[in-house]
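Ligands are counted one by one from 1 in listed order, and the atoms in each one are counted from 1 as well. Throughout, numbering of the chain's residues begins at 1 and tracks the sequence. In this text the structure is predicted, and so the values were computed from the model without any measurement.
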Amino acid sequence: MFSQDLAPLDLNGAKIFKGLLDRDAQLVMVNAVRRVVADAPLFHPVTASGKKMSVRMTSCGRVGWVSDRRGYRYDALHPAGGVWPDIPPEVLDVWRAVSGCDVPPDCGLVNYYGEGAKMGLHQDSDEGDFSFPVVSLSLGDDALFRIGSTTRGGKTQSTWLNSGDVLVLGGAARLAFHGVDRLRFGSSDLLPHHGRINLTLRVVR
Ligand SMILES: O=C(O)CCC(=O)C(=O)O
Ligand SMILES: [Mn+2]
């Protein structure tokens, strides 16, 4: 399933497995995400202050990440009610290939970026144990990804994440600030209506 040997690039301590998923593997992942979305529809999260995030989201796994007027948190239920679907086994194969971790993720967060969507600099810090890495898959349009240090306002570096790239935030980079500044909308034909899917796997506990 994986198109090359596992030699990642380093970006501020994050590991980027460029092109790890070949076209067929990307299509397998898109189909897995479609099954998740069929069970747990994408929704538009709002922040506690009432601001709509530009990405649409859903999750698979034991818990999902949600944000609404009550704030953000992991929740066992979809905002519309009902438990989240399981993390698809083909997605767990990617985790096993790159995480270096025996413990499986218990949240797979799906972000869908349409035209103009972005994600501000943030830390992934709602989990109970930061010794577990975060693994993130990019599918569809190119995204300009920015990563800094573990303190806000520090120096950052940027790179384009392309469809099939897999990023790992672990070790000293586990709590690095990161975000997506913009997409090159329409740069990939993987998704029929373009845009980008990001699938982020985390051990929440
Ligand atoms: O879309 C990405 O590449 C990053 C997503 C992300 O950082 C998150 O969902 O926490
Ligand atoms: Mn994040």
Side-chain angles (χ1 to χ4, degrees), residues 8-9 11-21 26 29-30 33 36-37 40 42-47 52-61 63-67 71-75 84 87 91 94-95 98-99 105-127 130 132-150 152 156-170 173-185 187-188 190-191 194-204:
L9 302 177
L11 185 72
N12 260 15
K15 286 191 260 178
I16 304 177
F17 295 87
K18 287 301 291 181
L20 180 71
L21 306 172
Q26 292 170 40
M29 297 305 149
V30 170
V33 170
V36 167
V37 170
L42 289 166
F43 57 93
H44 234 142
V46 290
T47 63
K52 219 181 209 184
M53 291 178 70
S54 59
V55 294
R56 291 192 294 151
M57 272 179 196
T58 190
S59 291
C60 49
V63 287
W65 194 86
V66 297
S67 181
Y72 54 80
R73 63 196 175 276
Y74 283 102
D75 203 310
W84 307 96
I87 301 177
V91 172
V94 180
W95 172 269
V98 300
S99 69
D106 47 12
C107 176
L109 171 65
V110 176
N111 292 304
Y112 176 73
Y113 294 75
E115 192 163 14
K118 57 191 176 178
M119 191 176 288
L121 277 181
H122 65 277
Q123 288 174 301
D124 287 9
S125 57
D126 302 326
E127 299 75 34
F130 302 132
F132 296 110
V134 171
V135 171
S136 148
L137 285 59
S138 290
L139 299 165
D141 289 341
D142 303 342
L144 187 57
F145 180 82
R146 180 197 292 268
I147 182 166
S149 68
T150 54
R152 190 180 278 286
T156 62
Q157 292 191 68
S158 295
T159 192
W160 285 96
L161 292 179
N162 310 114
S163 196
D165 291 353
V166 177
L167 177 117
V168 181
L169 292 178
R174 171 63 181 79
L175 286 171
F177 278 87
H178 60 279
V180 170
D181 288 341
R182 62 189 162 92
L183 292 197
R184 269 199 290 241
F185 190 79
S187 52
S188 161
L190 186 73
L191 306 174
H194 303 299
R196 172 173 183 260
I197 294 169
N198 168 260
L199 177 53
T200 290
L201 304 169
R202 307 191 186 110
V203 177
V204 177

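In the displayed structure, Arg182 atom CZ is contacted under 6.0 Å by at most 12 heavy atoms of other residues, nucleotides or ligands. Enclosure of atom OH in Tyr72 is not indicated, since only 12 or fewer non-hydrogen atoms of other residues, nucleotides or ligands lie within 6.0 angstrom.
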Output block, N or O contacts of ligand 1, threshold 3.5 Å exclusive:
{"residue": "ligand 1", "atom": "1 (O)", "partner": "Tyr113", "partner atom": "OH", "Å": "2.5"}
{"residue": "ligand 1", "atom": "1 (O)", "partner": "Arg196", "partner atom": "NH1", "Å": "2.8"}
{"residue": "ligand 1", "atom": "3 (O)", "partner": "Arg196", "partner atom": "NH1", "Å": "3.4"}
{"residue": "ligand 1", "atom": "3 (O)", "partner": "Arg196", "partner atom": "NH2", "Å": "2.9"}
{"residue": "ligand 1", "atom": "3 (O)", "partner": "Asn198", "partner atom": "ND2", "Å": "3.3"}
{"residue": "ligand 1", "atom": "7 (O)", "partner": "His122", "partner atom": "NE2", "Å": "3.1"}
{"residue": "ligand 1", "atom": "7 (O)", "partner": "His178", "partner atom": "NE2", "Å": "2.9"}
{"residue": "ligand 1", "atom": "9 (O)", "partner": "Asn111", "partner atom": "ND2", "Å": "2.8"}
{"residue": "ligand 1", "atom": "10 (O)", "partner": "His122", "partner atom": "NE2", "Å": "3.1"}
{"residue": "ligand 1", "atom": "10 (O)", "partner": "Asp124", "partner atom": "OD1", "Å": "3.2"}
{"residue": "ligand 1", "atom": "10 (O)", "partner": "Arg202", "partner atom": "NH2", "Å": "2.9"}

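Inspection of the Asn12 and His178 side chains reveals no N or O donor paired with an N or O acceptor under 3.5 Å. The closest side-chain donor-acceptor pair between Thr200 and Asn111, if any, does not fall under 3.5 angstrom.
Taking the six-membered ring where tryptophan is involved, the planes of His194 and Phe185 are perpendicular, since the angle between them exceeds 60° and thus also 30°.
For Ser54, the side chain to side chain contact (heavy atoms under 4.5 Å, CB included) partners two or more places apart in sequence, or in a different chain, are Ala117, Lys118. Contacts of Arg146 classified as side chain to side chain contact (heavy atoms under 4.5 Å, CB included), with partners at least two apart in sequence or in another chain: Leu121, Thr156, Ser158, Asp181.
Counting only protein N, O or S atoms closer than 2.8 Å to the Mn ion (ligand 2) gives 3.
Between Arg196 and Leu161, the shortest heavy-atom distance links the atoms NH2-CD1, 3.8 Å. The two residues Val135 and Ser99 come nearest to each other via the heavy atoms CG2-CB, 4.0 Å.
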